[in-house]
Amino acid sequence: MQNNEELIIETNQLSFGFSKDKTVLHDINLQIPRGAIYGFLGPNGAGKTTTIRLLLSLLKPDHGSITVLGESVRSASVNLFSRIGALIETPSLYEHLTGLDNLQITAGIRDIHKSRVLEVLEIVQLSRDAHRHVKNYSLGMKQRLGLALALLSSPDLLILDEPTNGLDPNGIIEIRKLLLHLSRDQGVTILVSSHLLSEIEKLVTHIGILDQGKLLFQGLLKHLQAISQEQSVIEIDTDQNSLAMEILLGNKLVVNMGKEFLEVKYLDRYQVSAIIGLLTKAGVAIYRIQLVESSLEQTFLSFINKN
Amino acid sequence: MHLLDIELIKLKNTFALWLTFVGALFLPLLLFTTYLFEAQEFIPATQINPWYDYLLRTFNGCCFFSLGFILLIIGLILNIEHKANSWKHLFTMPVRKGRLYRAKITIIFLVIMVFFLLYFVFAIASGRLLGMIKPPLGFRQYKVPYDYIFRFLFDFFVSIIPMIIIQYWISFRMKNLITSLGMGLFGLLMGLLLKNWDHIIYLPYATPFQMLNYKETDVLNRQHFYFVNAGYSLLFIVLSYKDFTKRFRA
């Protein structure tokens, strides 16, 4: 992470455990710059929700410090929370009330005008269902209402814990569009957690990978993409694999003998034609040559498996 | 918007609200039907105001039946937050936890006061109606002894304040309505079983039962009773407030 960026969320050596014997989070150093859409990624039970609860002062850390929007969370004034919108796991909704009532309750506590309530209903496309009881809402509608609650205060920072949980593909796309709009047009910094990279890779600018309470990777999405590219190989099968390996090694390529094929570390797309040229010139018959790209998902999994 | 108005919105369409009305109607309706169908049993001797006997039954019913309703009303009001999983949402809003505590306990006291108000409105209305339907019962000849009612209401309310605060504490701590209700009912049961114990006045769930067969010139050592209950109320308010604001996490 670049140091010259203004950090909206910063944690320093953050540790937490529900009991003395079991530490859930180990020395987490989150750095989320202004305007970022930060994908907080990790399998179930990795500690994402616990981290989010710590950021929102719902839990107290055992060690370390948390700074949100320039204020230490431990000694934060209530005003800090007027600048944060949060959706933690399932949205907190009063199901016996209408969608409008739910928004009015939060608006009342936050001292927000009714016009903003109508505005957020429009943003999450629930205006037509505002007077329906929430118990009759679909899962996607409840999730959107939860998001509307988080958006009410026009926050500078939006913290969303698995906001697409249980949504169908259309619902996921809708939420993604909405978050992109908030980020691009209103400059909202967003922290969004998920256990599926595929759900958020089209959305985020930054990624943090958490597993078993440890932050394994943190940085720009393009850095993760670069790591992913580094893990890609060109698979080659010839009539004389040993000779082919010698030739390629002689040309300073990184080559391994795989289970079935030769594996050449992928550098760029021009490499394939160069390899074919070298081997053909040496009289080696090529049966197969294929670029095997490592997906972001595989890279993500490789981080977790290594841990 | 005031936090209390917000609490009122939350009560819309809830069982707690219905229970406040239905629970308040329950015993007056029971008394009404008993007096109506067994009128001969209740015809007073000459020069005797029937309201005293009628109100004593109303008070005793209040001591026995209303407590269960009150426990349930408190549990249901807190259950609105537990069911919506909304503590975490409330605690991430720009409002001090102390204000949330105060708003919630205020709405609980308000609902309970409405419950008792309705209870006595229904009871008096039922007595007046009985006077019209069954004149020999004598309800029309005599005035309602409002002093007697207010005195009982005051003493009874003082007797239940510590119990309400403890039950509020249990109910925000216990997510499960059955558990909090069970604990409250256990307290009431103990209060009833130990009713004649010398130091029963020190058991908060038992004090309402000391109001049974309430007489205007009761032997109850009022001064002492007020002090004990005021002390308990203050103690439980302070402890539950500290627990809510410092330790209670969503």
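Here is the naming used below: chain letters follow the sequence lines, and residue numbers restart at 1 for every chain.
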In terms of heavy-atom proximity below 4.5 Å to chain B, should T106(A) be classed as side chain, backbone, both, or neither?
both
Would you find more than 12 non-hydrogen atoms of other residues, nucleotides or ligands less than 6.0 Å from R132(A) atom CZ?
yes
For F15(B), look at atom CZ and say whether over 12 heavy atoms of other residues, nucleotides or ligands are found less than 6.0 Å away.
no
From L90(B) CG over to I105(A) CD1, what is the distance, rounded to the nearest 0.5 angstrom?
9.0 Å
Do other residues, nucleotides or ligands put more than 12 heavy atoms under 6.0 Å from K97(B) NZ?
yes
Taking the side chain as C-beta and beyond, is there a heavy-atom pair between R110(A) and V95(B) under 4.5 Å?
no
Side-chain heavy atoms of K88(B) within contact of E89(A), under 4.5 Å:
yes
Where does K12(B) contact chain A at under 4.5 Å (heavy atoms): side chain, backbone, both or neither?
both
Please examine the side chains of N13(B) and H133(A), heavy atoms only from C-beta on, and report whether any two atoms are closer than 4.5 Å.
yes
With rounding to the nearest 0.5 angstrom, report the CZ to OG distance, F91(B) to S57(A).
11.0 Å
Chain A contacts, top residue of N85(B), T92(B), T14(B) (heavy-atom pairs, under 4.5 Å)
T92(B)
Between E81(B), K83(B), E7(B), which residue shows the highest count of heavy-atom pairs closer than 4.5 Å to chain A?
E81(B)
Between CZ of R247(B) and NZ of K60(A), what distance do you get to the nearest 0.5 Å?
10.5 Å
As an exercise, state the distance from OG of S82(A) to CE of M93(B), rounded to the nearest 0.5 Å.
12.0 Å
Counting only heavy atoms from other residues, nucleotides and ligands, does the tally under 6.0 Å from NE2 of H181(A) exceed 12?
yes
So which of L80(A), L97(A), I112(A) has the largest heavy-atom pair count under 4.5 angstrom toward chain B?
L97(A)
Closest contact, heavy atoms only, S86(B) versus Y94(A)
OG-OH, 3.3 Å
What is the minimum heavy-atom distance between G108(A) and I6(B), and which atoms define it?
C-CD1, 3.5 Å
So which part of L56(A) gets closer than 4.5 Å to some heavy atom of chain B, the side chain, the backbone, both or neither?
both
Atom CD of residue position E122(A) - does it have more than 12 heavy atoms of other residues, nucleotides or ligands inside 6.0 Å?
no
Rounded at 0.5 Å granularity, tell me how far CD1 in I109(A) sits from NE2 in H89(B).
6.5 Å
